[in-house]
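Worth knowing before you read on, the calculation uses all heavy atoms, side chains too, and leaves out hydrogens, waters and symmetry mates. In what follows, every chain begins at residue 1, and chains take the letters A, B, ... in the order their sequences are listed.
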Amino acid sequence: MDAERRKSLEATTRWDPGAVEARVFAEWMEGGYFHPAAEGSPEENFSVAIPPPNVTGVLHMGHALNGSMQDALVRLNRMRGRNTLWILGTDHAGIATQAVVEKELRKEGVSRQELGREEFVKRVWAWKEEYGSRIVEQYQRLGASCDYERERFTLDEGYVRAVHRVFKALYDKGYVYRDNYMVNWDPGTRSAISDLEVENREVEDVLYSIDYPLEGSERVLTVATVRPETMLADTAVAVNPADERYADLVGGFCLLPLVGRRLPIIADDHVDPAFGTGALKITPGHDVNDFEIGRRHGLEEITVIGEDGRMSEEAGEYAGMSVAEAQAAVVGALREQGLLRTEEAYTHSVPFSHRSGERIEPLISLQWFCRMDELARPAIEAVERDEVRISPDQWKRVYLDWMGEIRPWCVSRQLWWGHRIPVWYCAECEGEIVAEVAPQRCPACESAELRQEEDVLDTWFSSALWPFATLGWPDHTPELAAFYPTSFLTTAREILFLWVARMVMMGLEFPGAVPFRDVYVHSVIQARDGRRMSKSLGTGIDPLEEIDVHGADALRFGLLAMSSTQDVRYSDAKVEQGRNLANKLWNASRLILLNAAEVEPAPRPARVEDRWLLSKLERTIASVTGKLEEYDFAHAAQEAYSFVYRDLCDWYLEIVKPRLYDGEEANLTATLLYALERVLGLLHPLMPFVTEEIWAYHPARDGHLVVHAFPSPDPSLRDEAAEDDVEAGIRLTQRLRAWRDLAAVPVAATLPALIDGVEPPEFVGRLSRFAFDGVGAEPVSSIGPVRVLASEQLDAEAVAVRLQKRRQELEAEVKRASRKLENEGFVGKAPAEVVEEERGKLERYRRELAELG
RNA sequence: GGGCGCGUAGCUCAGUGGGAGAGCGCUCGCUUCACACGCGAGAGGUCGCUGGUUCGAAACCAGCCGUGCCCACCA
């Protein structure tokens, strides 16, 4: 270390992440450490595909947690010498991105329709070029060691080829088809959406009972509905076939009020005789159940609500009204005619669009669908056989349950931004051509008048190809050969079906192998008050601000430490704990580095505390590494913290300070430098910046820590005897300090004492300020083997209080242990070693009590 | 309607069959030559409730109360 650097290290008494992080990150990038060669096999290599954030996105806590976990594993494996790739990229996010650009246009007073499709898509690309890398830069602030040179986008050129290849293949197999079917229509985005993008909310509606007159009779059939406006599209009334009340009416007709249409009365099992009157109006055009019933009975499908959420021409006098207006009008008319029997408040769950927040309007619409059952079968088997391991394991069941009941996926969206569906329609022969590239002529009739499908694909259709499309599939690229299947995936549970399950299906169907070996479903970090973190609720906490204030290492540590298998509230305290740990590490390292002699780092224990430290370090390395491997990030972080604070700083460094300041003991500095090197390596996956920066001052440094060897276990350094001896010494030191405190001894006073029994390690007397060479004076108290001698620094009364307290503690313990040992059941049935242990305790307590007198 | 969680110190959370733990907060004491983002010592808990299993339960079982999430086409 040259004089300049030494001076700077001496002066920097606090870890200052703001001054260091950007520089260290730039060094990593320059070193090219994140950009592996496409060599080796997926079995030897380690690869992770990042869940691609939306291009419109800004880094939120979910990304930060997810990223901290992935980076911990990526760095661990890179340091272990594996060829490691972390694939990065962004998602074109159809609806979100289109909405952002449309909003911009509105400010300019232009609509996308006025602009036209081609121009609009150009505008979105321009937006993407300008703002699309924002979130990627934010991942860099976190320290994420992604391969930024291989960044991908779900709409880039190669990706489009992959999507077209997949669409055509699924079409050729008959999985993808076009059909008029009931879909979840989102009036907000004016597009169909999939079942998974629908969320059900409890809503209070009014349940209306309406009388439908029977044809040729004075009787009426009373039906119940929360959506009277849809009656305009009714085409039947259904009753349960077993319902005797209506048996004679089945096959007859009733008359639809307001409209006058004759409605057949049909029997269907779906009808619950116990609900309402047991008669159900059937609206195949606007209700999912009714649609199914209608198809079973061959009913007419009438549509009275348009895609704009307003009543259509078919609604007659109600045409043009909003759904709410039509409802009021219909109810008014029914009331006037005396057909409205009852109105009651009714709470039920109603589908809403997850995208726009608007109430879903079930509509019959011509859309593209993908049949899923064939694709699901191998994806179920792969998880059942643990070829894809999902943990924590309750999520495996959730995955399997959902896959078992999978339904067709509506993949078309009425948007402009996205993968335009590669289907062309011939104007001449009306043929349908599915092709990977735009065809020039119709293969059937040679016509050149071809029109491409207007709709685009669901964004999740392209995301489903992420792990292999990013590696160059459908080409046989070196990247694909080296890194597919990927090793590991972390994800939030909300996209288990939307994304993870579909990747497994597509991976098996196309490259023909599972996309990843391990899926870890992490918990949700909630806002401080326990609500969801959400931008709209204003409950989000900005990870970038946390990084500004406490540093990236602090945030990473905090997030990992607070993560758990259950959802947790965001804990500022844990982030501060991380910041404190970074600072502690920095200062402990300063102590070592500024006092280190010029020696090779090596474990050269000279005293029992050295053997203890090395043994504890071994234990910690094994344990922390094991926790990381089983994705137990919280305990990995806590154990690393505890080692650094407790074992290394509070005890070992305090114990060896005199030896260190002496500067004559080469063995000690060799051991310290060795321990420091291993600690930095161990902590680097969790806290990359501070560890890399400290490493820059380490005399053994031969390159960046990011590619330094991760500490491998060295069982020869385990020493249980040293651990026992030093830990006994630590406990004794703590008891002596507590004794002093209670006896109100001045802090600086050194108390005379002597040892009766086994000599404790040297540090005990020093750290507790007892001198064990006392002679002559009278013992006033015993603490283990230590006999405290009378001196003018002792307040007799305070000592008496202290002794009394200890006596009471011991008496309680003796009582507890005796009672246990007098219990015949315990002595007779508990394992022998448990009983033996209890006997030992009792004896020790009795002995100490006797010593106290 | 079905499923999965959770209820432990003032707060946020670990612990899942043998003496209640961590971080933060709180109290007391420290200008100790790495660090006050520090050091030392403490206080603080009928482990939601009720039963059961067991020599022994915070942990296992049952019921109840409270609370969160996911899935679901009964108007």
Remember a base hit wins even if backbone is also touched, and classify [X] as base, sugar-phosphate or nothing at under 4.0 Å, heavy atoms.
X: A:Glu654; result: base
X: A:Asp650; result: sugar-phosphate
X: A:His270; result: base
X: A:Tyr570; result: nothing
X: A:Asn823; result: sugar-phosphate
X: A:Arg766; result: nothing
X: A:Arg528; result: nothing
X: A:Tyr645; result: sugar-phosphate
X: A:Ser589; result: nothing
X: A:Val827; result: nothing
X: A:Pro831; result: base
X: A:Lys841; result: base
X: A:Arg819; result: nothing
X: A:Ala738; result: sugar-phosphate

Between [options], which nucleotide gets closest to the side-chain atoms of [X]?
X: A:Lys805; options: B:A14, B:C74, B:A43; answer: B:A43
X: A:Gln577; options: B:G23, B:A14, B:C74; answer: B:G23
X: A:Ser564; options: B:G23, B:C35, B:C13; answer: B:C13
X: A:Gln734; options: B:A41, B:C35, B:A72; answer: B:A41
X: A:Asp741; options: B:C35, B:G3, B:G40; answer: B:G40
X: A:Ala830; options: B:C24, B:A43, B:G18; answer: B:G18
X: A:Arg397; options: B:A72, B:C24, B:C4; answer: B:C4

Watson-Crick or G-U wobble partner for [N], using a 3.5 Å limit on both distances?
N: B:C35; result: none
N: B:G23; result: B:C11
N: B:A43; result: none
N: B:A58; result: none
N: B:C64; result: B:G48
N: B:C69; result: B:G3

How long is the line joining [atom1] of [X] and [atom2] of [N], in whole Å?
X: A:Lys627; N: B:A14; atom1: NZ; atom2: P; result: 14 Å
X: A:Trp651; N: B:C39; atom1: CH2; atom2: P; result: 12 Å
X: A:Arg769; N: B:C39; atom1: CZ; atom2: C1'; result: 12 Å
X: A:Lys829; N: B:G17; atom1: NZ; atom2: C1'; result: 15 Å
X: A:Arg493; N: B:C6; atom1: CZ; atom2: P; result: 12 Å
X: A:Lys574; N: B:G23; atom1: NZ; atom2: P; result: 9 Å
X: A:Leu496; N: B:C69; atom1: CG; atom2: P; result: 18 Å
X: A:Arg201; N: B:C71; atom1: CZ; atom2: P; result: 14 Å

Considering only the [atom1] atoms, how many Å lie between [N] and [M], rounded to the nearest integer?
N: B:G2; M: B:G63; atom1: P; value: 14 Å
N: B:G15; M: B:A22; atom1: C1'; value: 10 Å
N: B:G44; M: B:A9; atom1: P; value: 15 Å
N: B:C70; M: B:C60; atom1: C1'; value: 27 Å
N: B:C37; M: B:U46; atom1: P; value: 34 Å
N: B:C47; M: B:C11; atom1: P; value: 16 Å
N: B:C49; M: B:C55; atom1: P; value: 25 Å
N: B:G17; M: B:U32; atom1: C1'; value: 45 Å

Would A:Tyr346 and A:His348 count as a ring-ring contact (aromatic ring centres under 6.0 Å, His included) if you check the C-alpha gap in whole Å, the side-chain angles of each, and the deciding distance to 0.1 Å? CA-CA 6 Å; A:Tyr346 184 68; A:His348 63 148; 5.2 Å; yes
Ignoring backbone atoms, establish whether [X] has a side-chain N or O less than 4.0 Å from OP1 or OP2 of [N].
X: A:Asn587; N: B:C37; value: no
X: A:Arg579; N: B:C24; value: no
X: A:Lys584; N: B:C39; value: yes
X: A:Arg740; N: B:G40; value: no
X: A:Gln566; N: B:A14; value: yes
X: A:Arg14; N: B:C37; value: yes

Measure from NZ or CZ of A:Lys574 to the centre of the six-membered ring of A:Phe557 and say whether it is under 6.0 Å with the direction within 45° of the ring axis. no
Using a 6.0 Å distance limit plus a 45 degree cone around the ring axis, check whether A:Arg502 lies over the aromatic ring of A:Phe497. no
Could you tell me if the side chain of A:Leu751 sits less than 4.5 Å from the side chain of A:Gln793, heavy atoms only? yes
What I'd like to find out is whether the side chain of A:Arg735 reaches to under 4.5 Å of the side chain of A:Arg806, using heavy atoms alone. yes
So [X] and [Y], would you call those rings parallel, tilted or perpendicular, with 30° and 60° as cut-offs?
X: A:Tyr181; Y: A:Phe369; result: perpendicular
X: A:Tyr697; Y: A:Trp586; result: perpendicular
X: A:Tyr641; Y: A:Tyr645; result: parallel

Closest-nucleotide ordering on RNA chain B, the 5'-leading residue of A:Trp395 and A:Met562: A:Trp395
Go nucleotide by nucleotide along RNA chain B from the 5' end; which of A:Val814 and A:Arg590 gets its closest nucleotide reached first? A:Val814
Report yes or no: do A:Glu630 and A:Tyr520 form a side-chain donor-acceptor pair below 3.5 Å? no
Could you pull out all residues at least two apart from A:Arg528 that satisfy side chain to side chain donor-acceptor pair (under 3.5 Å)? A:Asp572
